Amino acid sequence: MLADFLEFDFLRNTFLTGLLIGIIAPLLGTFIVVRRLSLIADALSHVTLAGIAFGLFMEKKFAFTLITPLYSGMAFSVIGSIFIEKLRGVYKAYQEIAIPIILSGGVGLSVVFIALADGFNTELFNYLFGSVSAVSKNDFLTILGISIFIVLIISLFYKELFTLSFDEEHATVSGIHAKRIHFLFIILTALVIAASIRIVGVLLVSALMTLPVAASMRLAKGFKQMMVLSIVFGELAVIIGLVSGYYLSIPPGGTIVMVSIIILLLSIGLKQLRYRKQK
Amino acid sequence: MNEPIISMKNISFTYEHKQVLDHIDFILPRGAFMGLIGPNGGGKTTLIKLILGLMKPDHGSITIFNKPFEQFKDWNKIGFVSQKSNSFNKGFPATVYEVVSMGLTAKVGYLRFFNQKHKAKILHAIDLVGMSEYTYENVGNLSGGQQQRVFIARALVSDPELLILDEPTVGVDYENVQRFYELLHELNTKQQITLLLVTHDTGTMTEYATDIACLNKSLHFHGNPEEYLELSEHDLSKVYGHPVNLVTHDH
């Protein structure tokens, strides 16, 4: 079944990119989930859409191809993440309000750019739900770079990120620069989202960051174990999702998320089975 | 009396137009096991937050390990078990080992990894609080008393000279409270750790503490347990009743 993916260049790029985001999305996702920031991923993916729409608009109207939609999406995502942090500072007592503000702002801006460009149907559809044929060699190399960067930063700051996620007050008291570490973390999140959108699409990218984590949370005893298990589940979802999506002509965003949901249900079932045995 | 490990002079703190601390002079001697008591809203947690630098006093000065507060950087010397430690997210997937390792995060420092020495330290701290057999268990599955021990181990792992505990026995049953105080007593006498304990259960505490301080906006009493137990009802009502600007120092 994998034969086509090895034979055709464009499919190989997609497949390898898929393997990369199968690592980095759940990797960042473990921190996002335990810090109860799952919705931030959603808000940022919509801001990324605005960036992509901006890139496509520039391409179409001005034949400006120096900045690809991947880059402009990434730039918007990072700027959006900075805005979320600022808003969370402004509304200290209602921090979650930053999310609908940024999310609707992102969608609004996307609509404006799409209208200005007189629409770009199929391409946009690919960005919303993901595509098996959308990854160019250039995109792959960029995402490879981002992935290496993210894995490196996470391993260098693992203990700080973990300490901060568990107990922010304790982390601050013990002398960790909570604000700076958090800021770094949000920027990484923005990068992962922008990198994943090509394959899973704007609407489903947060699922790849949270569903594998939700599944492994039921089974893992410790944090590291959960992280490893999340990545295993993420990879499983990406591989099965991509291959089935290709053969069934379904955008991979849909199939990847459905596989993730099945894994999640299985893990919940397994946990309950174990629980009953203990009783 | 030993040299002070913390000394506060003329400290005042106002929160939302309400005076929480009113010209406090407070000394914590090295080697003490001090119980800090007083009514809710009397400023106990505020006092601790000022020591930890989580809040800044309106005026007054704090000297900590013989250094003016502004120059103090050695936060590893202070271990802290907060009131909230016990209300952590029970679903958080972390083993006892992982939770205790967090106590070393800041000490090991940025861009460095845990080595064998650090790992041995973590295991030793877990052993000190008697939780060795649960090292790789999920901390959310332990009982309240056991979790409290894990958080003490997290505070101990960086070899603090001062351990501050904010109402650590809330929600822990009587028998475990007793064992908990024995553990603190051991840390105080065998490991020579200075202890500052905010608490409500004055009964058990007076058996183990070396110093008792009563705080209700002002510091109403600071002395040893014998002196505290000799306080008349009249004196105690001053502590718990109407705030009186009376600062007692029995040294």
Side-chain angles (χ1 to χ4, degrees), chain A residues 26 29-38 92-93 152-181 184 212-230 233 267-268 271 274-275 278, chain B residues 45 48-49 51-55 72-114 118 122 134-141 150-151 154-155 157-158 160 164 166:
Chain A
T30 39
F31 294 106
I32 289 182
V33 170
V34 297
R35 299 190 65 192
R36 302 176 194 274
L37 295 174
S38 303
K92 276 207 170 70
L152 192 75
I153 296 289
I154 294 277
S155 22
L156 284 176
F157 290 95
Y158 171 80
K159 63 183 190 316
E160 283 83 8
L161 281 167
F162 174 57
T163 305
L164 195 63
S165 305
F166 187 75
D167 182 347
E168 192 158 340
E169 187 183 63
H170 176 262
T172 313
V173 170
S174 67
I176 293 167
H177 299 90
K179 275 197 182 138
R180 283 179 225 176
I181 296 290
L184 181 73
V213 183
S216 56
M217 200 175 232
R218 305 296 305 165
L219 305 172
K221 261 188 190 162
F223 194 77
K224 266 199 178 141
Q225 204 181 39
M226 176 170 89
M227 200 173 236
V228 172
L229 209 55
S230 303
F233 289 159
S267 77
I268 292 174
K271 172 84 177 191
R274 254 200 228 166
Y275 186 69
Q278 273 175 10
Chain B
T45 300
I48 281 176
K49 286 192 169 167
I51 294 173
L52 292 169
L54 291 171
M55 300 200 273
F72 183 72
K73 292 274 182 295
D74 239 345
W75 291 104
N76 291 311
K77 286 188 177 170
I78 303 178
F80 176 49
V81 180
S82 92
Q83 214 172 353
K84 281 188 289 180
S85 344
N86 223 1
S87 62
F88 73 103
N89 175 3
K90 301 285 188 295
F92 194 105
T95 62
V96 168
Y97 181 92
E98 284 177 324
V99 171
V100 176
S101 79
M102 290 183 222
L104 275 181
T105 301
K107 192 172 191 175
V108 172
Y110 291 116
L111 307 182
R112 286 166 194 275
F113 299 100
F114 291 132
H118 299 128
I122 294 166
Y134 300 100
T135 305
Y136 300 105
E137 289 299 315
N138 188 328
V139 78
N141 295 338
V150 174
F151 289 115
R154 176 179 71 172
V157 72
S158 60
I164 299 178
D166 192 1

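This one's a predicted model, so the numbers in the text were calculated from it and none came from an experiment. Letters go in sequence order (proteins before strands), and every chain restarts at 1.
- Partners of B:S101 under the side chain to side chain donor-acceptor pair (under 3.5 Å) rule, at least two apart in sequence or in another chain, do not exist in this structure.
- Both the backbone and the side chain of A:F166 come within less than 4.5 Å of a heavy atom in chain B.
- Contacts between B:Y110 and chain A at a heavy-atom distance below 4.5 Å involve backbone atoms as well as side-chain atoms.
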**Report entry** Residue pair B:N138, B:T95: steps toward the side-chain contact (heavy atoms from CB on, under 4.5 Å) verdict
**Finding:** CA-CA 4 Å; B:N138 188 328; B:T95 62; 5.9 Å; no
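- Proximity to chain B involves both the backbone and the side chain of A:S165, based on heavy atoms less than 4.5 angstrom apart.
- For chain A, no part of B:Y97 is nearby; none of its heavy atoms comes within less than 4.5 Å.
- Counting non-hydrogen atoms of other residues, nucleotides and ligands closer than 6.0 Å to NZ of B:K107 gives a total above 12.
- You'll find the ring centres of A:F223 and A:F31 inside the 6.0 Å limit.
- Of the two parts of B:L54, only the side chain, counted from C-beta on, holds a non-hydrogen atom closer than 4.5 Å to a non-hydrogen atom of chain A.
- Most heavy-atom pairs under 4.5 Å with chain B: of the set A:K159, A:Q225, A:K221, this distinction falls to A:K159.
- Counting non-hydrogen atoms of neighbouring residues, nucleotides and ligands closer than 6.0 angstrom, the NZ atom of A:K224 reaches no more than 12 such neighbours.
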